[in-house]
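Start at 1 and go down the list; that is how both ligands and their atoms are numbered. Residues: numbered from 1 along the sequence shown. Only a predicted model underlies this, so the values are computations on that prediction, with no experimental measurement involved.
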Amino acid sequence: MIRKTALLLARQSWFRKTILGTPVLRDLAGRFVGGDDLPAGLAAVRALNARGIKGSLNFHGMHVEDPEEAARAAGQAIDALRRIRAEGLDAHVSVKLTKIGLDVDLALCRDHLHRILDCAAETGGFVRIDMEESRYLETTLQMFEEARDRYGAGSVGLVLQSYLRHRSGDLDRLLDRGSRIRLVKGGYREPRDVAFQAAAEVDAAFRRDIERLLARGISPAIATHDAEAVAWTRAVQERLGLGKDAFEFQMLYGVKPELQEQLVADGYQVRCYIPYGGDWATHLVGCLRRIPAGLLTRLARPAPRT
Ligand SMILES: Cc1cc2nc3c(=O)[nH]c(=O)nc-3n(C[C@H](O)[C@H](O)[C@H](O)COP(=O)(O)OP(=O)(O)OC[C@H]3O[C@@H](n4cnc5c(N)ncnc54)[C@H](O)[C@@H]3O)c2cc1C
């Protein structure tokens with residue numbers, strides 16, 4: 001109930017304006033969100049790149065029902081790819097298919113995806129298709145495979161979720177066909193016959209998939225803030241005799257920044273997923289819910305004057 005209310009609030013434009021108009025809230029939002037628009041997202045990428053961290057820009061939001069909004073979201077991804085190229089930034093673009101019209105019409109969504117990928121091919125950019133709720137899984141796999149066959153693994157990659165039961169064959173099949181994968185635990189509420197519920201089961205499936213992905217993947221990405229999963233990934237990389245640059249860690253912007261910095265200092269590749277624009281406040285609410293109260297109080301405190 002509280003979660004639903006918070007998410008409903010986060011979708012209201014007055015709520016976003018209140019956050020932006022209140023200094024302490026604006027500062028807090030700035031730790032987890034790239035900003036209200038593309039220039040702000042690009043500024044976040046620039047700052048990360050200066051610290052040796054790559055970016056993946058995501059015009060935030062999902063489940064768009066209005067065709068014009070879907071077209072605008074596709075336009076945002078195209079603008080981001082062009083600006084990344086023009087500014088020579090080290091960044092990708094991440095897209096959710098329901099943000100570019102999957103709930104409106106399959107053909108419309110495919111057209112938008114292909115327009116984005118035409119731009120990626122033209123600018124030497126890379127687009128990652130996020131994975132959403134399991135009801136979109138088959139369509140997303142199909143759209144991705146079509147796109148990979150048309151544009152190549154250098155232009156488009158996909159996210160796979162380890163928490164899904166009975167789907168471990170997807171990883172093997174996609175790797176056999178030369179796909180670029182970001183592996184995650186999985187971020188949605190799913191029924192128990194679809195996804196593991198217990199953290200121990202999810203963690204075990206994630207560790208199993210990390211090993212399979214590192215052994216065979218093209219530019220694999222392990223997206224997690226879980227220190228044990230990070231340690232497991234490092235151990236597998238050493239055991240397989242892979243270089244530290246054979247894969248990348250990915251984390252959300254502002255989450256565990258000290259772990260991100262440590263990995264860069266240790267010689268690993270790190271990429272931050274940076275939500276900006278759209279309904280960015282829903283992302284902020286999601287992050288704040290996961291932060292321990294003590295840390296939240298520290299983050300909300302204004303920086304001391306020097
Ligand atoms: C770059 C990236 C891309 C992702 N893309 C997708 C996707 O396409 N599809 C999908 O289903 N899921 C996606 N996810 C989410 C993922 O599936 C997990 O839900 C999420 O990463 C939490 O799992 P964890 O591996 O960090 O481990 P956990 O055990 O859940 O968390 C480890 C620690 O990190 C903290 N933490 C985790 N997430 C957050 C957060 N948002 N804010 C603050 N603290 C946090 C936890 O509180 C805990 O302390 C993505 C995650 C990342 C990092």
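Between Asp266 and Lys244 the shortest heavy-atom distance is O-NZ, 2.8 Å. Minimum interatomic distance between Arg208 and Ser168 (heavy atoms only, all atoms of both residues): NH2-CB, 3.7 Å.
Scanning the protein heavy atoms around atom 22 (C) of ligand 1, the nearest turns out to be Arg290 NH1, 3.6 Å. When hydrogens are left out, the protein atom nearest atom 42 (N) of ligand 1 is Cys287 CA, 3.4 Å; that is the closest non-hydrogen contact. In terms of protein heavy-atom proximity, atom 25 (O) of ligand 1 is closest to Thr224 OG1, 2.6 Å. The protein heavy-atom contact nearest to atom 2 (C) of ligand 1 is Ala223 CB, 3.7 Å. Among all non-hydrogen protein atoms, the one lying nearest atom 27 (O) of ligand 1 is Lys185 NZ, 3.0 Å. At the top of the distance list for atom 41 (N) of ligand 1, counting protein heavy atoms only, stands Leu252 CD1, 3.4 Å. Val255 CG1, 3.7 Å is the protein heavy atom nearest to atom 45 (C) of ligand 1.
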Hey, can you pull the donor-acceptor pairs under 3.5 Å for the side chains in residues 65-78, sequence neighbours left out?
unit_1, atom_1, unit_2, atom_2, d
Asp66, OD1, Glu68, N, 3.0
Gln76, OE1, Tyr276, OH, 3.0

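Contacts of Met251 with ligand 1, taken as heavy-atom pairs under 4.0 Å, involve the backbone alone. Residue contacts with ligand 1 for Arg182 involve side-chain atoms from C-beta outward but no N, CA, C or O (heavy atoms, distance under 4.0 Å). Residue contacts with ligand 1 for Lys256 involve side-chain atoms from C-beta outward but no N, CA, C or O (heavy atoms, distance under 4.0 Å). Here Asp130 has heavy atoms under 4.0 Å from ligand 1 in both its backbone and its side chain.
In this structure, atom 20 (C) of ligand 1 is not in close contact with the protein, since no protein heavy atom lies within 4.0 Å of it. Protein heavy atoms all stay at least 4.0 Å away from atom 15 (C) of ligand 1.
The shell of residues lying under 4.0 angstrom from ligand 1, judged by heavy atoms, excludes Arg128.
Considering backbone and side-chain N/O of His225, one or more are found under 3.5 Å from N/O of ligand 1. The N/O atoms of Met131, backbone and side chain alike, include one that comes under 3.5 Å of an N/O atom in ligand 1. Between Gly187 and ligand 1, an N or O atom pair is found at a separation short of 3.5 Å. Checking only distances, Tyr273 never comes within under 3.5 Å of ligand 1, N or O to N or O. On a distance-only criterion, Tyr188 and ligand 1 share no N/O pair closer than 3.5 Å. Remark: ligand 1 and Gly186 share an N or O pair separated by less than 3.5 Å (distance only, no angle test).
The heavy atom nearest to atom 11 (O) of ligand 1, out of those in Lys96, Arg271, Glu132, Gln161, is found in Gln161. Looking at Val184, Leu259, Asp203, Leu160 and measuring to atom 6 (C) of ligand 1, the nearest heavy atom belongs to Val184.
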(request) Carefully, step by step, assess His63 and Tyr136 under the rule ring pair (Phe, Tyr, Trp, His ring centres under 6.0 Å). (result) CA-CA 11 Å; His63 302 312; Tyr136 299 108; 5.7 Å; yes
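Applying the salt bridge (charged side-chain N to carboxylate O under 4.0 Å, His left out) test to every pair with at least one member in residues 151-174, sequence neighbours left out, gives these pairs: Glu138-Arg167, Glu145-Arg173, Arg167-Asp170, Asp170-Arg173, Asp172-Arg212, Asp172-Arg216.
For the residue pair Asp103 / Thr98, no side-chain donor-acceptor distance below 3.5 Å is found, with atom types taken as modelled.
Geometrically, Arg31 does not engage Tyr253 in a cation-pi contact, judged by NZ or CZ lying under 6.0 Å from the ring centre and within 45° of the ring axis.
A salt bridge links Glu248 to Arg271: at least one charged side-chain nitrogen sits closer than 4.0 Å to a carboxylate oxygen.
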